[in-house]
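Okay, structure first, notes after.
Residue numbering restarts at 1 for every chain, and letters A, B, ... go by the order of the sequence lines. As the structure is a computational prediction, the values presented were derived from the model and not from experiment.
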Amino acid sequence: MKYWLMKSEPDVFSIDTLKSKNTSGWDGVRNYMARNYMRDNMKMGDLIFFYHSSCEIPGIAGIAKVSRESHPDPTQFDSKSDYFDPKATKETPRWFMVDVEFVEKFTSIITLSTLKSIKELEKMPLVQKGSRLSINPVTEQEFQTIISLKNS
DNA sequence: GCCAACGTTGGC
DNA sequence: GCCAACGTTGGC
C-alpha cells in the first residue's frame, strides 16, 4: 500500500464535502504529473492525506482512501465545465482521475505551520518553497510521523 | 492583494 | 528544441 497527499481548496471541495458524499471522483486535475500519479500509481486502498489549500489555515484536514482506480475525468468532455478540454475525446481521453472515499476527519487541522516545524518532514514537497503540485507521494515514515501528530 | 515559483504555450 | 511570455498556484 502507498500513501499520498492531495490538495483541495476547501471553498470548492473540503473534507466535509467528502464526508457528506462518502465517495467522490477527484476531478479537475489539469497537471500532467498529478494526472500520471492518478492514472498509473494510485491503487485501491491507498491512503490519502486530504490537504486544505488556499484558505485561512492551510493544513491536513483528514484521511481518504482510493476507492476506484484510474478512469477518465468526465469534466473534460463537458463544454459547460470549467475543466472542459476541447482536445480530449472519449476515444482518447487526456485526463484521468481516481475516486476517493472518506475515512476520517481530524478533530483539528494539522497545520502547514506545524508540518514545517517537524524535522522528519523537511523532505516533503509540501513544506518546500514553490511546490505547487496538487498530488504528492508520502513515505510510510512521513505518514506515521504525521499520524502521530494527530492527537498531540 | 502581492508575488515567487512553476507549468504550459507558441513563435521561431 | 529553445525560451520568452503568460497563466496559475498558493502562502503570506
Side-chain angles (χ1 to χ4, degrees), chain A residues 2-21 24-42 46-66 69-100 102-139 141-143 145-150 152:
Chain A
K2 293 188 295 306
Y3 302 94
W4 305 92
L5 180 140
M6 298 174 95
K7 299 180 189 174
S8 181
E9 297 184 25
D11 292 347
V12 180
F13 188 84
S14 72
I15 188 86
D16 293 313
T17 321
L18 181 62
K19 186 176 185 181
S20 67
K21 294 177 66 177
S24 174
W26 199 272
D27 62 17
V29 170
R30 293 296 178 267
N31 169 284
Y32 288 105
M33 214 179 315
R35 177 204 67 179
N36 293 349
Y37 283 138
M38 289 200 285
R39 188 188 60 186
D40 306 330
N41 302 112
M42 298 183 74
D46 283 1
L47 292 176
I48 302 158
F49 283 130
F50 195 122
Y51 180 85
H52 284 176
S53 67
S54 294
C55 56
E56 198 172 348
I57 307 170
I60 297 172
I63 297 178
K65 67 180 178 188
V66 177
E69 294 177 8
S70 175
H71 54 108
D73 176 346
T75 62
Q76 71 193 301
F77 309 123
D78 177 2
S79 60
K80 293 188 292 297
S81 168
D82 285 345
Y83 304 118
F84 177 61
D85 184 342
K87 291 180 182 160
T89 65
K90 301 219 171 175
E91 290 69 34
T92 54
R94 176 178 294 200
W95 303 108
F96 293 83
M97 65 180 194
V98 297
D99 288 3
V100 305
F102 177 80
V103 173
E104 172 182 0
K105 178 185 176 182
F106 296 158
T107 46
S108 59
I109 294 227
I110 301 174
T111 66
L112 178 60
S113 147
T114 296
L115 297 170
K116 280 183 167 169
S117 72
I118 311 285
K119 181 93 169 70
E120 289 88 340
L121 302 178
E122 67 188 8
K123 292 214 171 92
M124 290 185 81
L126 185 73
V127 303
Q128 286 162 17
K129 196 177 172 186
S131 162
R132 308 189 320 186
L133 194 58
S134 65
I135 303 178
N136 283 104
V138 172
T139 68
Q141 291 90 330
E142 288 161 351
F143 188 86
T145 299
I146 292 169
I147 284 294
S148 76
L149 300 171
K150 192 170 63 155
S152 59

Inset, instruction - Scan for salt bridge (charged side-chain N to carboxylate O under 4.0 Å, His left out) pairs involving residues 27-40 of chain A, sequence neighbours excluded, and state none if there are none. - result: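 Of all non-adjacent pairs touching residues 27-40 of chain A, those that pass salt bridge (charged side-chain N to carboxylate O under 4.0 Å, His left out) are A:Arg30-A:Asp73.
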Inset, instruction - Name all pairs fulfilling the salt bridge (charged side-chain N to carboxylate O under 4.0 Å, His left out) condition that reach into residues 102-112 of chain A, sequence neighbours left out, sorted by first residue then second. - result: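 The answer is A:Asp16-A:Lys105, A:Glu104-A:Lys150.
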Inset, instruction - May I ask you to list the residues of residues 24-40 of chain A, by number, that have any heavy atom positioned under 4.0 Å from an atom of DNA chain B? - result: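 When residues 24-40 of chain A is checked for heavy atoms under 4.0 Å from DNA chain B, the hits, listed by number, are A:Asn31, A:Tyr32.
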Legend entry - Within residues 82-96 of chain A, residues whose heavy atoms come under 4.0 Å of DNA chain B: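 Output list: empty, so none.
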Return all side-chain donor-acceptor pairs below 3.5 angstrom for residues 51-63 of chain A, not counting sequence neighbours, or 'none' if the list is empty.
unit_1	atom_1	unit_2	atom_2	d
A:His52	NE2	A:Ile15	N	3.1

Inset, instruction - Please identify each residue that fulfils ring pair (Phe, Tyr, Trp, His ring centres under 6.0 Å) with A:Phe143, with sequence neighbours left out. - result: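 A:Phe143 satisfies ring pair (Phe, Tyr, Trp, His ring centres under 6.0 Å) with A:Tyr3, A:Phe49 once adjacent residues are dropped.
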Legend entry - Contacts of A:Phe84 that satisfy ring pair (Phe, Tyr, Trp, His ring centres under 6.0 Å) - sequence neighbours left out: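 Here no residue qualifies.
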Inset, instruction - Go through the structure and list residues passing side-chain contact (heavy atoms from CB on, under 4.5 Å) with A:Asp99, not counting sequence neighbours. - result: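 Per chain and number, A:Asp99 pairs via side-chain contact (heavy atoms from CB on, under 4.5 Å) with A:Ser67, A:Arg68, A:His71, A:Met97.
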Inset, instruction - Tell me, please, which residues at least two apart from A:Lys2 pass salt bridge (Lys or Arg N to Asp or Glu O under 4.0 Å). - result: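 Only A:Asp46 meet the salt bridge (Lys or Arg N to Asp or Glu O under 4.0 Å) criterion with A:Lys2.
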Inset, instruction - Using side-chain hydrogen bond (donor to acceptor under 3.5 Å, both in side chains) as the criterion, list what pairs up with A:Ser134, not counting sequence neighbours. - result: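 Residues passing side-chain hydrogen bond (donor to acceptor under 3.5 Å, both in side chains) with A:Ser134: none at all.
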Inset, instruction - Examine distances only and state if a side-chain atom of A:Ser131 and a backbone atom of A:Gln128 form a donor-acceptor pair shorter than 3.5 Å. - result: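 No.
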Output side-chain donor-acceptor pairs under 3.5 Å for residues 89-96 of chain A, partner residues at least two apart or in another chain, one line each.
unit_1	atom_1	unit_2	atom_2	d
A:Thr89	OG1	A:Thr92	N	3.0
A:Thr89	OG1	A:Thr92	OG1	2.8
A:Arg94	NH1	A:Tyr32	OH	3.3
A:Trp95	NE1	A:Asp85	OD2	2.8

Legend entry - Nucleotide interval of DNA chain B bounded by contacts with chain A (heavy-atom cut-off, under 4.0 Å):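 Contact span on the strand: B:dA4 to B:dT8.
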